[in-house]
Enquirer: 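I have a structure here, written as structure tokens, and I will follow up with some questions on it.
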Amino acid sequence: MELYSTNKKECRVSIKEAIFHSLPADKGLYMPVEIPQLKGYFIDNLEKYSFQEIAFEVSNELIGNDIPAWDLKKIVVDAINFDAPLVALDQKTAVLELFHGPSFAFKDFGARFMSRIMAYFSNKDDRLLDVLVATSGDTGGAVALGFLGVPGTRVTILYPKGKVSTIQELQLTTNGKNIRALEIDGTFDDCQKLVKEAFNDITLNQKLRLTSANSINIARLIPQTFYYFQAVAQAKRDGAKEVVFSVPSGNFGNIGAGLLANKMGLPVLRFLAATNINDTVPRFLNSGVYEPRPSVQTLSNAMDVGNPSNWIRIMNLFNNKTEYVKQKVSAYRYTDAETIEAIKTLYEQYNYIACPHTAIAWRATHEYLRTNSGKYQTIFLSTAHPCKFPEVFPANIRSKIQVPAQVIELHKIKKVATKLTNNFQQLKEYLTET
Ligand SMILES: *Cc1c(COP(=O)(O)O)cnc(C)c1O
């Protein structure tokens with residue numbers, strides 16, 4: 001796969017370059033020069049393939065020229081080792097549960113695949129790969145567990161003190177092995193700034209082989225296409241003819257992967273982009289003016305993004321034409337009060353407990369179904385297990401959440417984190433001296 005930067009089309013890089021240096025110098029994002037088309041037989045017979053077979057077929061089409069089939073198969077089988085079940089709520093609505101991985105959020109798909117691709121492209125004589133990541137919650141846990149025990153890699157996670165949930169903090173600080181947690185006395189923005197400073201520091205980069213695990217890495221986008229195919233395969237087995245996906249969106253990586261899958265030949269009637277009041281994209285699709293704003297804190301905090309970094313990729317998939325985007329994507333935005341209302345309705349009508357992000361996606365399908373007749377199935381994506389956000393739920397629902405055994409076990413492990421201020425010199429000393 002050859003990639004170009006969205007800001008400078010003539011710049012061409014290999015997948016390896018795009019994975020280890022995910023930010024092009026011109027501050028664009030990498031996109032495939034050509035979007036491969038999946039074979040008609042595969043698309044027409046999706047329901048006959050297992051999830052891992054689907055993941056192999058799709059990734060082979062994208063990066064089969066860079067990684068021989070046998071190695072790619074091993075990577076896929078190792079990374080995609082948990083299911084993405086489609087659970088029907090009623091005749092026209094089903095939920096695609098993406099939280100059955102180790103950190104109980106969909107980011108496990110991206111992180112597990114990326115870590116193995118990075119290990120694959122590292123040569124035996126390469127120095128230790130130092131992965132730096134700033135997190136406001138879910139990303140850090142997925143990256144930590146994705147890289148845990150992956151040879152030749154070491155992960156350093158920066159998280160803002162007191163600003164991640166208890167379970168999220170435990171997922172960051174109880175791993176040991178090749179994972180280190182830094183508790184930063186500051187905000188998420190401070191953490192991100194520190195990571196950026198580290199990448200720009202010449203002496204640090206001479207000493208260490210630094211790389212980033214942020215959400216714009218193309219190696220996180222690729223595996224997120226797999227479960228859209230898998231969802232359609234399951235829907236076909238259930239007799240559905242056409243599907244509409246609803247995706248709870250923050251940085252728009254998840255829905256971006258869905259749109260890429262669609263461009264590769266996966267039939268999808270429409271995508272619903274569901275946001276909280278950080279509604280830069282819904283406003284844009286209404287007015288045609290892209291006007292990012294500072295992010296506002298909400299109950300669905302993994303979607304508190306004022307300037308979604310993957311939006312440029314989506315515009316690119318549609319030749320930068322807003323009217324083309326609108327032919328495929330509708331946007332919805334909901335307040336915290338509407339989110340809680342959706343959580344309650346899902347529980348009362350379907351006995352289903354959804355995390356706040358997932359509840360927002362369901363609400364969009366509900367609104368879409370009310371205004372669009374036709375024979376189609378709506379599928380909303382569940383991006384995290386509700387146990388990760390216990391403080392959001394009314395007490396009667398919270399008490400019904402089934403907390404997985406691994407999460408209960410986490411509370412028994414001692415937290416290990418190094419406390420640092422938001423001063424870059426301290427981080428630099430830490431990284432060079434340990
Ligand atoms: C990251 C995240 C999202 C948003 O996904 P994007 O790809 O950034 O749009 C939604 N829900 C949960 C639980 C997340 O962790």
Side-chain angles (χ1 to χ4, degrees), residues 29 84 95-111 113-114 133-146 159 164-165 167-168 171-172 188 192 213-228 245-261 271-276 278-282 292 295 298-314 329 331-334 339 342-343 353-364 380-392:
L29 290 187
V95 50
L96 183 69
E97 293 184 343
L98 301 176
F99 56 72
H100 295 282
S103 82
F104 303 102
F106 84 98
K107 291 188 172 73
D108 286 327
F109 285 99
F113 191 79
M114 175 171 65
V133 60
T135 186
S136 57
D138 276 347
T139 298
V143 170
L145 292 161
Y159 73 95
V164 301
S165 80
I167 293 170
Q168 286 172 335
Q171 286 182 338
L172 303 174
F188 169 61
Q192 248 183 337
N214 56 31
S215 72
I216 48 122
N217 199 307
I218 193 85
R220 279 177 63 172
L221 203 68
I222 292 170
Q224 290 179 183
T225 61
F226 304 162
Y227 49 73
Y228 286 92
F245 281 110
S246 177
V247 188
S249 297
N251 243 330
F252 282 71
N254 196 359
I255 194 169
L259 290 164
L260 177 60
F271 287 85
L272 314 182
T275 74
N276 58 31
N278 293 283
D279 60 351
T280 299
V281 169
S295 68
T298 73
L299 293 177
S300 46
N301 59 16
M303 311 200 305
D304 294 348
V305 182
N307 189 7
S309 45
N310 281 294
W311 185 249
I312 183 169
R313 281 197 163 124
I314 293 175
V329 183
Y332 297 82
R333 59 87 84 177
Y334 298 106
T339 307
I343 286 175
I353 304 182
C355 91
H357 314 80
T358 306
I360 283 178
W362 171 74
R363 195 159 176 145
F380 63 102
L381 273 52
S382 176
T383 44
H385 193 292
C387 78
K388 292 192 88 171
F389 310 92
E391 61 289 345
V392 168

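Counting starts at 1 for both ligands and their atoms, following the listed order.
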Enquirer: If we check side-chain hydrogen bond (donor to acceptor under 3.5 Å, both in side chains) with S300, which of these qualifies: T358, T383, N276, T339?
Expert: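 When side-chain hydrogen bond (donor to acceptor under 3.5 Å, both in side chains) is applied between S300 and each of T358, T383, N276, T339, only N276 qualifies.
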
Enquirer: Please determine if N254 has a nitrogen or oxygen closer than 3.5 Å to a nitrogen or oxygen of ligand 1.
Expert: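 Yes.
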
Enquirer: Return yes if some donor-acceptor pair links the side-chain N/O of T275 with the main-chain N/O of R333 below 3.5 Å, else return no.
Expert: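 No, T275 side chain to R333 backbone: no donor-acceptor pair under 3.5 Å.
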
Enquirer: For the 3.5 Å polar cut-off, considering only N or O atoms, please tell me whether S249 and ligand 1 meet it.
Expert: no

Enquirer: Hey, are N310 and R313 close enough side-chain-wise for a donor-acceptor pair under 3.5 Å?
Expert: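 Present: a donor and an acceptor within the cut-off.
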
Enquirer: State, with a plain yes or no, whether a side-chain heavy atom of H385 is found less than 4.5 Å away from one of E97.
Expert: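 Contact flag for H385/E97 side chains = no.
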
Enquirer: What's the shortest distance from atom 4 (C) of ligand 1 to any protein heavy atom, and which residue and atom give it?
Expert: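 The protein heavy atom lying closest is G250 N, 3.7 Å.
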
Enquirer: Starting from atom 12 (C) of ligand 1, what is the nearest protein heavy atom, named by residue and atom, and what distance separates them?
Expert: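 Answer for atom 12 (C) of ligand 1: T383 OG1, 3.4 Å.
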
Enquirer: Who's the nearest protein heavy-atom neighbour of atom 8 (O) of ligand 1, and how far?
Expert: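 So the nearest neighbour among protein heavy atoms is N251 N, 2.8 Å.
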
Enquirer: Describe, in one word, how the ring planes of F245 and F271 are oriented to each other, choosing from parallel (under 30°), tilted (30 to 60°) and perpendicular (over 60°).
Expert: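 Parallel, since the angle between the ring planes stays under 30°.
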
Enquirer: Considering only non-hydrogen protein atoms, determine which one is nearest to atom 5 (O) of ligand 1 and report residue, atom name and distance to 0.1 Å.
Expert: F106 CZ, 3.5 Å

Enquirer: Would you say ligand 1 has an N or O under 3.5 Å from any N or O of F389?
Expert: no

Enquirer: I need the atoms of ligand 1 closer than 4.0 Å to a non-hydrogen atom of G253, numbered in the order shown.
Expert: 6 (P), 7 (O), 9 (O)

Enquirer: In terms of side-chain heavy atoms, does N278 have a donor or acceptor partner in S295 at a distance below 3.5 Å?
Expert: no

Enquirer: Less than 4.5 Å apart, side chain to side chain, heavy atoms only: is that true for C355 and K388?
Expert: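 SC-SC contact between C355 and K388 ruled out.
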
Enquirer: If I apply the N/O under 3.5 Å rule, does A302 come out as touching ligand 1?
Expert: no

Enquirer: Distance-only, no hydrogens or angles: does the T225 side chain make a donor-acceptor pair with backbone N or O of P223 under 3.5 Å?
Expert: no

Enquirer: Are F99 and ligand 1 in contact, using a heavy-atom cut-off of under 4.0 Å?
Expert: no

Enquirer: For Y227 and N254, test the side chains for any donor-to-acceptor distance below 3.5 angstrom and give the result as yes or no.
Expert: yes

Enquirer: Is there a polar contact, in the sense of an N or O pair closer than 3.5 Å, between A384 and ligand 1?
Expert: no

Enquirer: Out of K388, K107, M303, Q224, whose heavy atom is nearest to atom 2 (C) of ligand 1?
Expert: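 It is K107 that holds the nearest heavy atom.
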
Enquirer: State the atoms of ligand 1, each with its element, that fall below the 4.0 Å cut-off from a heavy-atom position in F252.
Expert: 6 (P), 8 (O), 9 (O)

